[in-house]
Amino acid sequence: MIIKKSPREIEAMAKAGELSAKALRIAGAAVAPGVSTLELDRIAEEVIRQGGGIPAFKGYGGFPGSICASVNEQIVHGIPAEGVILQEGDIISIDTGATVGGWVGDNAWTFAVGKISPKKQRLLKVTEECMWAGIDAARPGNHLGDIGHAIQQIAEANGYGVVREYVGHGIGRVMHEEPNVPNYGRKHSGVPLEVGMVLAIEPMINMGTYKTKQMPDGWLVCTRDGKPSAHFEKTVAITEDGPLVLTVEPDHRRPID
Ligand code: MG
């Protein structure tokens, strides 16, 4: 069942979104060669707790971190670790979320570590573009498939693979609610999008094949061909006026056309 949120509930969710965005921004600002992913985890957790939130990822299904930290060919769900040290030229997806007042925010961004190759730069640029196109499609009158279609079209036009096994999701009092939000799809397919739905829209785009590989720790997912992958995510409410991004800080707002 898709649980729609009232305007007042969406306002409450925006508080969780704001703290999630702050944690992501501050952890992202610490990304540099020589920094461990565990250090980024500590930073995000501190921001979330100081802001009166609870790290939404910590303990979720037994996940040990407050962030997922996924480097280069790692797509999602990397466990932060002391031994994973960022190197110049890496890309790292940081995915983090906060629970505030019983509501969850969820967001991710892929950061460059120092100077990265033009190929990786392009992957990041296109994947971010995919995310904004997906968000732009999150409007009443559209269907769920319009979000995936918008994302898939841009990714594949650039020669990239769209991950199939991992998808976006509804979000509210728990992190993963119905519906699943695939990053591929056909126009006008799937459930109609309605005012009050809140979705985490999160394209995972691979430089090569869309195929994935589950790693032995049971969490980490990598590209099957070992090529890099990027991941961008925002929590978005569908309103009468269109998509409203909830994982933003007022001072760092980026308007949607
Ligand atoms: Mg998510």
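Basis for what follows: all heavy atoms, side chains included, without hydrogens, waters or symmetry-related copies. Atoms within a ligand are numbered from 1 in the order they appear, just like the ligands themselves. In this chain, numbering begins with 1 at the start of the sequence shown.
As for E233, its N/O/S atom nearest the Mg ion (ligand 1) is the one called OE2. No other N/O/S atom of E202 lies as close to the Mg ion (ligand 1) as OE2 does. Atom OD2 is the N, O or S atom of D106 at the shortest distance from the Mg ion (ligand 1).
Within a 6.0 Å sphere centred on CZ of R186, other residues, nucleotides and ligands contribute 12 heavy atoms or fewer.
V163 and L220 fall into different hydrophobic clusters, where Ile, Leu, Val, Met, Phe, Trp and Tyr side chains are chained together by heavy-atom contacts under 4.5 Å.
Between Y60 and H176, a ring centre-to-centre spacing shorter than 6.0 Å is recorded.
A side chain to side chain contact (heavy atoms under 4.5 Å, CB included) with F57 is found for one member of D95, I48, T99, D41 and no other, namely D95.
The Mg ion (ligand 1) lies at 2.8 Å or more from every N, O or S atom belonging to H176.
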